[in-house]
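These numbers come from the heavy atoms of this one structure, side chains and all, not from hydrogens, waters or symmetry mates.
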Amino acid sequence: MAFDQQSLSQYKEKLLIMASHAEGVVSRAVRSYLDRDESLAKQALDTDDIIDQFEMEIDRMGLKLLAQNPGEFELREVACGMKIARDLERVGDEASTIARRAVELMSQPTLQTSLDIAELTFLTNSMLKDALDAFVTGNTVLARGVIPRDEQVDEKNKEYQDNLTELMETSPNNIKRCRNLAVICKCLERIADHAKNIAEDAVLLHEDTDIRHTEAG
C-alpha cells in the first residue's frame with residue numbers, strides 16, 4: 001500500500017485546528033475568572049468537548065496512517081502528532097477545570113490577593129503558542145527555548161500556592177476561595193508542562209533527537 005500523503009495533510013490540518021481550539025480555551029477559561037463571566041466559562045467547557053472529539057479523530061487517522069508503512073520522517077510526524085493531540089486534550093481538561101472553579105468563585109465575593117493570574121496565564125500561553133509554532137515550522141531553536149521557561153511557571157505557581165496557604169492559615173473564612181484559586185494556578189502550571197512536552201516532540205520530529213529527561217530537556 002502506497003503511503004497516502006493527502007491523508008497525512010488532512011491529519012496535520014486537523015491537528016492544527018485542535019491546537020487552535022486548545023490555545024483559545026485556556027484564554028477563555030481564565031478570562032471567565034478574571035471578568036466573572038459565566039458565559040465564557042460555558043464556552044470553555046463546550047470547547048473542551050470539541051477538543052476531546054478531535055483527539056479521537058486524530059487517533060483514528062494516525063492509526064490508519066501508521067498502517068501504510070510511512071517513511072521515517074512521516075512516521076515521526078504521525079507518532080508525534082498523536083502525542084501532541086494527547087497533550088492538547090489534557091490542556092482542554094485543565095482549562096475546563098479552571099472554568100468550573102471560576103464559576104464557583106463567581107458565587108462569592110472577590111478575594112483580594114497579590115496573585116497575578118493574568119501574568120501566569122501569559123507565561124503559560126506563550127509557552128504553548130511557541131511550542132506549537134515550533135512544531136509547525138520546524139524551528140527547534142524556538143522549541144528548545146520553551147523548555148527552560150517551564151521552571152519560571154513552576155516557581156510562580158509555588159509562590160502563589162505558598163501565598164494562598166498563608167492566607168488560609170490567617171483567614172479561615174477564605175479557605176474555599178483560596179482552594180479554588182490554588183487549583184486554577186495548578187492547572188496553569190500543568191498546561192505549561194504540556195507545552196514543554198509539545199516542544200520536546202517538536203525537537204524529536206525535526207531533529208530526530210529525544211531530549212526528554214536530559215539536561216537540555
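A donor and an acceptor atom, one from each side chain of Asp49 and Gln53, are nowhere located under 3.5 Å apart. The closest side-chain donor-acceptor pair between Asn173 and Ser171, if any, does not fall under 3.5 angstrom.
Under a cut-off of 6.0 angstrom, the local environment of CD in Glu151 is sparse, with at most 12 non-hydrogen atoms contributed by other residues, nucleotides or ligands. For Glu159, the CD atom counts as densely surrounded, since its 6.0 Å shell holds more than 12 non-hydrogen atoms of other residues, nucleotides or ligands. Heavy atoms of other residues, nucleotides or ligands lying less than 6.0 angstrom from CZ of Phe73 number more than 12. Heavy atoms from other residues, nucleotides or ligands lying under 6.0 Å from CZ of Arg179 number 12 at most. Residue Glu38 places its CD atom among 12 or fewer non-hydrogen atoms of other residues, nucleotides or ligands, all under 6.0 Å distant.
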Legend entry - Intermediate values then yes/no, salt bridge (Lys or Arg N to Asp or Glu O under 4.0 Å), Lys158 and Asp154: CA-CA 6 Å; Lys158 184 180 183 305; Asp154 289 346; over 6 Å; no

Inset, instruction - Test Glu89 against Arg86 for salt bridge (Lys or Arg N to Asp or Glu O under 4.0 Å), laying out the working first. - result: CA-CA 5 Å; Glu89 187 274 332; Arg86 192 172 302 114; over 6 Å; no

Inset, instruction - Determine, stepwise, if the pair Asp46 / Lys42 fulfils salt bridge (Lys or Arg N to Asp or Glu O under 4.0 Å). - result: CA-CA 6 Å; Asp46 289 344; Lys42 176 66 165 57; 2.9 Å; yes

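The shortest side-chain heavy-atom distance between Lys83 and Leu204 falls under the 4.5 Å cut-off.
Both Leu75 and Tyr11 belong to a common hydrophobic cluster when Ile, Leu, Val, Met, Phe, Trp and Tyr are linked at side-chain heavy-atom distances under 4.5 angstrom. Under the 4.5 Å side-chain heavy-atom criterion for Ile, Leu, Val, Met, Phe, Trp and Tyr, Leu123 and Leu128 are members of the same hydrophobic cluster. No path of Ile, Leu, Val, Met, Phe, Trp and Tyr side chains, each step under 4.5 Å between heavy atoms, connects Met106 with Ile98, placing them in separate hydrophobic clusters. No continuous path of hydrophobic side-chain contacts links Leu132 to Leu142 [ILVMFWY only; heavy atoms under 4.5 Å]. Note on Phe54: it clusters hydrophobically with Val26, by side-chain heavy-atom contacts below 4.5 Å among ILVMFWY residues.
Of the possible polar contacts, one joining the Tyr160 side chain to the Asp116 backbone as a donor-acceptor pair under 3.5 Å is found. Formation of a donor-acceptor pair under 3.5 Å by the Arg76 side chain with backbone atoms of His206 is not found in this model. Here the side chain of Glu200 pairs no donor or acceptor atom with the backbone of Asp210 at under 3.5 angstrom.
Annotation: side-chain hydrogen bond (donor to acceptor under 3.5 Å, both in side chains) contacts of Lys129 (sequence neighbours excluded): Asp133. Remark: Leu45 engages Ser96, Ala99, Arg100 in a side chain to side chain contact (heavy atoms under 4.5 Å, CB included) (not counting sequence neighbours).
Sequence neighbours left out, the pairs with a member in residues 13-24 that pass side chain to side chain donor-acceptor pair (under 3.5 Å) are Lys14-Glu57.
Closest approach of Asp48 to Gly92, counting heavy atoms only: OD1-C, 3.1 Å. Contact detail for Cys80 and Phe135: the closest heavy-atom pair is CB-CE1, 4.2 Å. Smallest separation of non-hydrogen atoms from Leu65 and Ser7: CD2-CB, 3.8 Å.
In this structure, SG on Cys187 lies 14.0 Å from CZ on Arg90, to the nearest 0.5 angstrom. In this structure, CG on Leu164 lies 9.5 Å from CG on Asn157, to the nearest 0.5 angstrom.
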